[in-house]
Amino acid sequence: MKHLSHASVSSSPPLVRSFYERETVNVAKELLGKILVRSFRSTVLQGIIVETEAYGGEEDPASHAYRGPTERNQVMYGPPGHAYVYFTYGMHYCLNVKTGPNGQAGAVLIRALQPASGIDRMKKVRGTERIKDLTNGPAKLTQAFDVTRDLNGHDLTTGRRLFIADNADPGKFEIASSSRIGVRAGTDRLWRFFIRGNQFVSKQ
DNA sequence: CTAAAGATGTCCT
DNA sequence: GGACATCTTTAGA
């Protein structure tokens, strides 16, 4: 069981827009080991990103943008570095970051985190004491981090409310890939990326 | 307007 | 391994 070193408190600034304004698959890989930060009035939650998935535009049959722009997916066509939050299965939210240039659809789904700080609050919100179950899935982490509709379109480069920061001490890890989880189409693309051996990855 | 599926999680057998 | 909760979005009539 691989465990990344605990970067309990990151004081790193938010990743800049040019980080997101690149090819989606590359951004998906490079987000591994980075820190998702959610700040409230008197609390800060942090988790190390350990699993991501890349989604393209009209050429990707698994993407929400496969059939062109709609009301739901409009953030995927907007400027890079903004949060695309969507509601699914009648009860769950999923968090993506918009990637690539303005006008071209692309996003990376954040699928799992390794909790780093604010764990007590995550336990309370998730209703479990098991750290392994706090953020090991796309809808689990949005619940733990209180990411809902009102953060759809949120700019992740401002450092307010929700952002992603560099990890000062990510340690060494190996990136593994597989086809994306929960999609019927586009399974030929190995666009799911995760830290090999990390116990917070959602599925083996 | 109607209906079916969905980038999931939880509980049950 | 399978049922089911629950509702928005999208496609098709």
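Letters A, B, ... mirror the listed sequences (proteins, then strands); counts begin at 1. These numbers come from a predicted model, not from an experiment.
Looking at residues two or more places apart in sequence or on another chain, you find no salt bridge (Lys or Arg N to Asp or Glu O under 4.0 Å) involving A:Arg67. Residues meeting the salt bridge (Lys or Arg N to Asp or Glu O under 4.0 Å) test with A:Arg149, sequence neighbours left out: none. Partners of A:Phe145 by side-chain contact (heavy atoms from CB on, under 4.5 Å), not counting sequence neighbours, listed by chain and number: A:Leu36, A:Arg38, A:Leu45, A:Leu113, A:Met122, A:Thr135, A:Val147. Every salt bridge (Lys or Arg N to Asp or Glu O under 4.0 Å) that A:Glu30 has, sequence neighbours left out, goes to A:Arg22.
Note that the first and last nucleotides of DNA chain C, 5' to 3', having any atom under 4.0 angstrom from a heavy atom of chain A are C:dA5 to C:dA11.
Residue pairs meeting the side-chain hydrogen bond (donor to acceptor under 3.5 Å, both in side chains) criterion with at least one member in residues 154-165 of chain A, sequence neighbours excluded, are A:Arg17-A:Asp155, A:Arg17-A:Thr157, A:Asp150-A:Arg161, A:Asp155-A:Thr157. Within the structure, the salt bridge (Lys or Arg N to Asp or Glu O under 4.0 Å) test picks out no pair touching residues 68-89 of chain A (sequence neighbours left out). Screening residues 87-130 of chain A for ring pair (Phe, Tyr, Trp, His ring centres under 6.0 Å) gives A:Phe87-A:Tyr93 as the qualifying pairs, with residues at least two apart or on separate chains. Listed by first and then second residue, the side-chain hydrogen bond (donor to acceptor under 3.5 Å, both in side chains) pairs involving residues 120-129 of chain A are A:Arg126-A:Gln143 (not counting sequence neighbours).
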Using Watson-Crick and G-U wobble pairs with both distances under 3.5 Å, what is the 5'-to-3' dot-bracket string of DNA chain B, with [ ] for crossing pairs and | for pairs outside the strand?
||||||.|||||.
Just distance, no hydrogens or angles: give the donor-acceptor pairs under 3.5 Å from side chains in residues 101-111 of chain A, sequence neighbours left out.
| unit_1 | atom_1 | unit_2 | atom_2 | d |
| --- | --- | --- | --- | --- |
| A:Arg111 | NE | A:Glu51 | OE2 | 2.8 |
| A:Arg111 | NH2 | A:Ser202 | OG | 3.2 |

Return a single string for nucleotides 5-13 of chain B, one symbol per nucleotide in 5' to 3' order, where B is base contact, S is sugar-phosphate-only contact and - is none, cutoff 4.0 angstrom on heavy atoms.
-BBBSS---
